[in-house]
Amino acid sequence: MPETLPAPCAPEDARRVACIGAGVIGGGWAAHFLARGYDVTAWDPAPDAEEKLRRLVAAAWPALEQIGLAEGAAPNRLTVAGTLAEAVADADFVQESAPEKLELKRSLLAELTAATRPGVVIASSTSGYPMTDMQTAAGDAARLVVGHPFNPPYLIPLVEVVGGERTDRAAVTWASRFYEVAGKSVLTMDRELPGFIANRLQEALWREALHMVANGEASVADIDASITEGPGLRWAFMGPCLTFALAGGEGGMAHMLDHFGPSLKSPWTRLEAPELDRALRDAMVEGCAEAAGDRSYADLVAARDQGVIDVLRATGRLGGTTR
Ligand SMILES: NC(=O)C1=CN([C@@H]2O[C@H](COP(=O)(O)OP(=O)(O)OC[C@H]3O[C@@H](n4cnc5c(N)ncnc54)[C@H](O)[C@@H]3O)[C@@H](O)[C@H]2O)C=CC1
Ligand SMILES: C[N+](C)(C)CC(=O)CC(=O)[O-]
């Protein structure tokens, strides 16, 4: 089957985005693209999807107004389509955010390549599947990329972009530029890594957290406080490498490695994933319910959004988007 690139328009000229799957992440992407002045068409097979999506966009909008909307941006530029084909018919870019199930992604991406105009770039929000594994059923796989966001996509700048073995390099370049124009901070990867970069790091931390809860070594509240009161404060503006270089004082990373390097071999970590049995699942769920107290999901989302905005403002990262 012939593979079709280039895209029908330049990344700077894209106007209509289709969001396929409209849950936590698809809805968050829809809010982001609306705030950046795009027309958004969404499709999701769940019967209550439209109501949930509109509720998510309405809840996100005050935060988006606070950080500044693009000219002409409006929630009423969101259309919810009755079919997948309708949703993508006029799309200049497609963001797929369906459930994290490999077979579902494979057939959905194949359906999307068949339903979109030739050359339209399609990005998957997958949290970790390599595109090579997801593009196997697609006839026209050259324009399939991963565009991995962070929750909520309308506030956390980063998106990780990478192609698969059958992806045309031009599609990766197109997607990266499109996301930049749409106000994202883009990390373009030149090779596939399961979990990409950020989730690979987050998973290491997450495994250790689950081990500590499973073994009764720390509570959910202790684990959260250890990050928000500790390294998390630094990580908002300086990554773990440069942060640890400062741990070596004026001797920098060289002294840090010579001094603390041997402790890499000490048995601090248990990186094998713990068994996610019923007891661990319940301990995590109960610990989080305790940490949330009487705050509802909506209260927590509003508090998180305000927290991210405050950090972005405090570190001089608000504004400066090209669209
Ligand atoms: N939740 C998170 O923090 C993050 C999730 N992701 C990725 O985003 C994707 C979506 O995850 P969530 O939004 O968290 O899940 P979710 O469960 O909140 O939403 C998934 C949506 O997909 C819909 N859906 C079911 N079958 C579908 C199909 N065949 N075609 C289109 N839509 C379908 C569901 O009705 C639901 O509304 C996954 O690939 C996930 O790995 C990426 C970054 C962060
Ligand atoms: C929980 N998660 C693995 C789906 C999270 C992500 O993929 C990114 C994020 O928002 O941290």
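The figures here come from the full heavy-atom set of this structure, side chains too, leaving out hydrogens, waters and symmetry mates.
Checked for salt-bridge contact, Arg54 and Glu50 meet the test: a charged N lies under 4.0 Å from a carboxylate O. A salt bridge is absent between Arg207 and Glu272: the closest approach of a Lys/Arg side-chain nitrogen to an acidic carboxylate oxygen does not fall below 4.0 angstrom. Looking at Arg278 and Asp282, a side-chain N of the basic residue comes within less than 4.0 Å of a carboxylate O on the acidic one, giving a salt bridge.
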Evaluate the side chain to side chain contact (heavy atoms under 4.5 Å, CB included) criterion for residues Gln66 and Asp305: first the C-alpha distance (whole Å), next the side-chain angles of each, then the deciding distance (0.1 Å), finally the verdict. CA-CA 11 Å; Gln66 207 185 132; Asp305 286 4; over 6 Å; no

Show the numbers, then the answer: is there a side chain to side chain contact (heavy atoms under 4.5 Å, CB included) between Ile20 and Leu108? CA-CA 9 Å; Ile20 301 301; Leu108 181 58; 4.2 Å; yes

Check the pair Lys184, His32 against side chain to side chain contact (heavy atoms under 4.5 Å, CB included), reporting the backbone distance first and the verdict last. CA-CA 9 Å; Lys184 301 298 287 183; His32 175 76; 3.5 Å; yes

Candidate pair Leu246 and Met238, rule side chain to side chain contact (heavy atoms under 4.5 Å, CB included), full reasoning: CA-CA 11 Å; Leu246 296 184; Met238 189 180 279; 3.8 Å; yes

Should Gln135 and Thr167 be marked as a side-chain hydrogen bond (donor to acceptor under 3.5 Å, both in side chains) after you check the CA-CA gap, both sets of side-chain angles, and the distance that decides it? CA-CA 9 Å; Gln135 64 190 170; Thr167 304; 3.1 Å; yes

Set out, in order, the CA-CA distance, both residues' side-chain angles and the distance that settles side-chain hydrogen bond (donor to acceptor under 3.5 Å, both in side chains) for Thr136 and Arg166, then state yes or no. CA-CA 9 Å; Thr136 51; Arg166 292 176 60 201; over 6 Å; no

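Side-chain polar atoms of Thr116 and Arg143 form a donor-acceptor pair below 3.5 angstrom. For the residue pair Thr41 and Arg16, a side-chain donor N or O sits within less than 3.5 Å of a side-chain acceptor on the partner. Side chains of Tyr179 and Gln95: a donor on one and an acceptor on the other come within 3.5 Å.
Looking at heavy atoms from C-beta onward, Asp92 lies out of side-chain contact with Val120 at the 4.5 angstrom threshold. Within the 4.5 Å cutoff, no side-chain heavy atoms of Phe93 are placed close to those of Tyr38. Using a 4.5 Å heavy-atom cutoff, the side chains of Asp39 and Thr79 are not in contact. Residues Leu280 and Glu275 are not in side-chain contact: their nearest non-hydrogen atoms beyond the backbone lie 4.5 Å or more apart. Using a 4.5 Å cut-off on side-chain heavy atoms (C-beta onward), Cys288 and Glu290 make no contact. Residues Thr228 and Leu233 form no side-chain contact, since every pair of their non-hydrogen atoms from C-beta on lies 4.5 Å or further apart. The closest side-chain heavy-atom distance from Met189 to Val161 is not below 4.5 Å. Val220 has its side chain out of reach of Glu286: every pair of non-hydrogen atoms, C-beta onward, lies at least 4.5 Å apart.
Contact between Ile156 and Asn151 at its shortest, heavy atoms only, is CG1-O, 3.6 Å. Between Thr188 and Ser176, the shortest heavy-atom distance links the atoms OG1-OG, 2.8 Å. Nearest heavy-atom pair, Ile309 versus Ile67, reported as atom, atom and distance to 0.1 Å: CG1-CG2, 3.7 Å. When every heavy atom of Ala142 is checked against every heavy atom of Leu5, the shortest pair comes out as O-CD1, 3.7 Å. Between Ala18 and Ala91, the shortest heavy-atom distance links the atoms CB-CB, 3.8 Å. Residue Leu158 comes nearest to Ala198 through the heavy atom pair CD2-CB, 4.4 Å, listed as atom of the first residue, atom of the second, then distance.
The number of heavy-atom neighbours closer than 6.0 Å to CZ of Arg304, taken from other residues, nucleotides and ligands shown, is above 12. Remark: Asp90 CG is loosely packed, at most 12 non-hydrogen atoms of other residues, nucleotides or ligands lying under 6.0 Å away. In this structure, Arg281 places its CZ atom where only 12 or fewer heavy-atom neighbours from other residues, nucleotides or ligands lie under 6.0 Å away.
Checking side-chain atoms of Trp174 against main-chain N and O of Cys9 turns up a donor-acceptor pair under 3.5 Å. A donor-acceptor pair under 3.5 Å is absent between the side-chain atoms of Arg234 and the main chain of Thr243, judged by distance alone. In this structure, the side chain of Asp310 does not engage the main chain of Gly307 through any donor-acceptor pair within 3.5 Å. Between the side chain of Glu208 and the backbone N or O of Arg270 there is at least one donor-acceptor pair closer than 3.5 Å. When atom types are taken as modelled, the side chain of Glu160 and the backbone of Val186 share no donor-acceptor pair closer than 3.5 angstrom. Here the side chain of Arg200 pairs no donor or acceptor atom with the backbone of Ile197 at under 3.5 angstrom.
Note: Trp235 CH2 to Leu201 CG = 9.0 Å, rounded to the nearest 0.5 Å. To the nearest 0.5 Å, atom NZ of residue Lys52 and atom CG of residue Asp44 are 8.5 Å apart. His148 NE2 to Ser124 OG: the interatomic distance, rounded to the nearest 0.5 Å, is 9.5 Å. From Glu96, atom CD reaches atom OG of Ser125 across 6.0 Å, with rounding to the nearest 0.5 Å. Between atom SG of residue Cys19 and atom CZ of residue Phe33 there is a gap of 6.0 Å, rounded to the nearest 0.5 Å.
Contacts of Glu100 classified as side chain to side chain contact (heavy atoms under 4.5 Å, CB included), with partners at least two apart in sequence or in another chain: Lys105, Thr126, Ser127, Tyr129. Applying the side chain to side chain contact (heavy atoms under 4.5 Å, CB included) test to Ala74 and every residue at least two apart in sequence or in another chain returns Asn76, Arg77. The side chain to side chain contact (heavy atoms under 4.5 Å, CB included) test applied to Met212 returns Glu217, Ala218, Ile223, not counting sequence neighbours.
Connection of Val145 to Val181 is established within a shared hydrophobic cluster, with ILVMFWY side chains joined at heavy-atom distances below 4.5 Å, either directly or through further cluster members. Hydrophobic clustering (side-chain heavy atoms under 4.5 Å, transitive across Ile, Leu, Val, Met, Phe, Trp, Tyr) keeps Leu300 apart from Leu155. In the hydrophobic cluster analysis, where Ile, Leu, Val, Met, Phe, Trp and Tyr join through side-chain heavy atoms closer than 4.5 angstrom, Tyr297 is grouped together with Leu53. Residues Val285 and Leu276 do not share a hydrophobic cluster, clusters being chains of Ile/Leu/Val/Met/Phe/Trp/Tyr side chains in contact below 4.5 Å. Val308 and Ile227 sit in two unconnected hydrophobic clusters of ILVMFWY residues. Membership requires side-chain heavy atoms under 4.5 Å apart, directly or through other members.
If you run side chain to side chain contact (heavy atoms under 4.5 Å, CB included) between Phe178 and each of Val121, Thr173, Val17, Asp13, only Val17 comes through.
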